[in-house]
Asks: 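I am attaching a structure below and will ask some questions about it afterwards.
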Number of protein chains: 2
Amino acid sequence: MRGESSGSMHRGGGVSEATVRRLSNYFRILEEMEREGVETIASETLAERYGITSAQVRKDFSSFGSFGRRGLGYPVRGLRERIGKILGIDQPWRLVLVGAGNLGHALFHYEEFRRRNFSIAAIFDSNPELIGKHWEGVPILPMAQMGRLVSERDARIGIIAVPAAAGQAVADQLVAAGVEGILNFSPIKLREVENVFVRNVNLSIALESLSYSVTAHRKLRPL
Amino acid sequence: MRGESSGSMHRGGGVSEATVRRLSNYFRILEEMEREGVETIASETLAERYGITSAQVRKDFSSFGSFGRRGLGYPVRGLRERIGKILGIDQPWRLVLVGAGNLGHALFHYEEFRRRNFSIAAIFDSNPELIGKHWEGVPILPMAQMGRLVSERDARIGIIAVPAAAGQAVADQLVAAGVEGILNFSPIKLREVENVFVRNVNLSIALESLSYSVTAHRKLRPL
DNA sequence: AGATGTGAAAGTTTTCACAGCC
DNA sequence: GGCTGTGAAAACTTTCACATCT
């Protein structure tokens with residue numbers, strides 16, 4: 001599977017992972033501005049709100065074409081829609097969730113996913129005690145049904161929320177079932193597979209990065 | 001607060017966020033090798049296991065000094081201990097968790113945190129119905145007790161697992177209570193504060209990065 | 001005048017390649 | 001011989017600065 005980096009070219013220029021992450025953030029800021037009733041925005045204003053430079057904002061947009069009007073700025077709504085289209089969040093996505101433990105439960109109920117048009121079509125778990133239950137009407141199914149369900153419901157992304165030991169096997173099953181992307185919460189490095197994108201979210205590594213910074217900072221300024 | 005980047009210099013050379021993330025991964029690989037009984041490892045082997053170049057591995061280590069022996073490689077155990085010390089995970093950390101919803105619940109029970117010496121000393125929530133309950137003996141307390149508890153229990157990191165609307169207020173309270181680091185799961189940009197490090201984990205942005213890649217890939221190779 | 005879009009410059013990170021030590 | 005540690009080169013990302021368009 002393709003690793004942490006984007007892995008895909010687009011038009012003329014390659015688009016970095018960092019650019020895509022910023023697009024998501026621009027999208028959120030633009031939504032907010034739309035609610036505030038703002039109709040036009042300059043790269044400078046957007047940049048200030050985000051805490052980056054206006055050149056960065058313009059360069060990010062320029063990888064995808066020309067959105068603004070010189071002398072005026074960008075139309076808030078049009079820009080938001082365009083970014084949504086680029087990110088692919090202008091359409092609903094059906095996902096499957098593997099792992100009905102504590103983390104899976106939290107992800108299933110995560111409001112931000114719903115707001116962004118991501119809906120979970122089925123949940124899979126290997127624990128027989130959970131199978132047959134429903135969360136808000138969505139069934140918890142045995143792993144063996146993954147292949148059927150992914151194609152029937154046209155789910156294109158799978159979320160892995162199982163312990164490390166089961167992670168690779170689950171990834172293999174998701175790939176066999178035909179997903180095109182995997183959001184992996186299990187703390188392991190998955191084998192790469194052609195045409196399947198992977199993003200890893202490692203909660204513990206984020207915390208270790210903090211403990212590093214706090215520790216290093218303390219060493220510089222003791223007590 | 002310091003943003004997504006490290007924000008702190010260390011010794012002679014600045015150490016990038018990316019290097020610190022890789023250190024966490026090296027640590028995990030080394031733990032695994034220790035369990036396998038391997039005593040010495042070459043940068044090349046470590047690199048292969050991680051899927052990066054051996055030069056990257058050696059450069060990462062060289063920011064912190066000289067760990068290996070030319071012609072031989074690195075002692076697995078010694079290297080793992082040294083990295084643990086750099087990351088600050090050689091000692092236990094006490095955290096406070098704010099937000100006893102679904103996400104907070106999942107984080108509280110997250111095994112990987114415990115395995116890495118991160119323990120949650122108290123939970124805070126604004127919902128009166130939750131206050132007074134316990135999770136595995138850890139009390140859910142009203143927000144007003146945050147200051148007292150953080151200093152009493154010497155908690156140095158706070159986790160924010162509340163909805164966006166409450167995020168900034170919670171961050172302010174954590175800073176006032178005296179934490180040195182914040183792991184922020186709420187999908188907002190927190191105001192920066194001197195000497196407080198912040199790491200943001202935005203679950204939805206990770207998913208949007210996937211939907212971008214899958215969408216872009218489809219456009220290149222339709223159907 | 002005002003703000004975009006973009007080549008060129010500056011800065012950062014990764015890879016190369018090899019001197020130096022075991 | 002084997003493998004580290006590290007300057008130098010290459011690749012990539014961000015910022016500058018200005019020509020260009022409304």
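Since we're looking at a predicted model, the values are computed, not measured.
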Asks: Nearest whole angstrom, please: distance from the P of dT6(D) to the CZ of Phe67(B).
Replies: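 Atom-to-atom, Phe67(B) to dT6(D), this comes out as 11 Å.
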Asks: Name all residues meeting the side-chain hydrogen bond (donor to acceptor under 3.5 Å, both in side chains) criterion together with Asn202(B); count only those two or more places apart in sequence or in a different chain, and write none if there are none.
Replies: none
Asks: Could you tell me how far apart Arg21(A) (CZ) and dT13(D) (C1') are, to the nearest whole angstrom?
Replies: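 One finds 12 Å between C1' of dT13(D) and CZ of Arg21(A), rounded.
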Asks: Distance check needed: dT6(C) P versus Asp60(A) CG, whole Å only.
Replies: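 In whole Å, dT6(C) P lies 13 Å from Asp60(A) CG.
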Asks: For Phe61(A), report the nucleic acid contact type (base, sugar-phosphate, nothing); a contact means any heavy atom under 4.0 Å.
Replies: nothing
Asks: Applying ring pair (Phe, Tyr, Trp, His ring centres under 6.0 Å), can you list everything that pairs with Tyr26(B), at least two apart in sequence or on another chain?
Replies: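 Applying ring pair (Phe, Tyr, Trp, His ring centres under 6.0 Å) to Tyr26(B) gives Tyr50(B), Phe61(B).
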Asks: Return the value, rounded to whole Å, for the distance between atom CG of Leu46(B) and atom C1' of dG5(D).
Replies: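 Rounded to whole Å, this separation is 15 Å.
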Asks: Within the 4.0 Å heavy-atom criterion, would you say Ser43(B) contacts the bases, only the backbone, or no part of the nucleic acid?
Replies: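 Touches sugar-phosphate only.
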Asks: Separation of Leu79(A) atom CG from dG5(C) atom C1', in whole Å?
Replies: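 These atoms are roughly 14 Å apart.
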Asks: Can you list every salt bridge (Lys or Arg N to Asp or Glu O under 4.0 Å) pair that touches residues 101-115 of chain A, not counting sequence neighbours?
Replies: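 Only Arg28(A)-Glu112(A), Glu112(A)-Arg115(A), Glu112(A)-Arg116(A), Arg114(A)-Glu136(A) qualify under salt bridge (Lys or Arg N to Asp or Glu O under 4.0 Å).
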Asks: Using side-chain contact (heavy atoms from CB on, under 4.5 Å) as the criterion, list what pairs up with Val76(A), not counting sequence neighbours.
Replies: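 Partners of Val76(A) by the side-chain contact (heavy atoms from CB on, under 4.5 Å) criterion, ordered by chain and then number, come out as Leu30(A), Met33(A), Glu34(A), Val38(A), Ile41(A).
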Asks: Listing request: all side-chain hydrogen bond (donor to acceptor under 3.5 Å, both in side chains) pairs with a residue in residues 157-166 of chain B, at least two apart in sequence or in separate chains.
Replies: none
Asks: Determine whether more than 12 heavy atoms belonging to other residues, nucleotides or ligands lie under 6.0 Å from atom CD of Glu39(A).
Replies: no
Asks: What string of B, S and - do you get for nucleotides 15-22 of chain D 5' to 3' if you count protein non-hydrogen atoms under 4.0 Å?
Replies: BBB-BBBB
Asks: Heavy atoms from C-beta onward define the side chain here; which of dG5(D), dT13(D), dT4(C) lies closest to that of Tyr74(B)?
Replies: dG5(D)
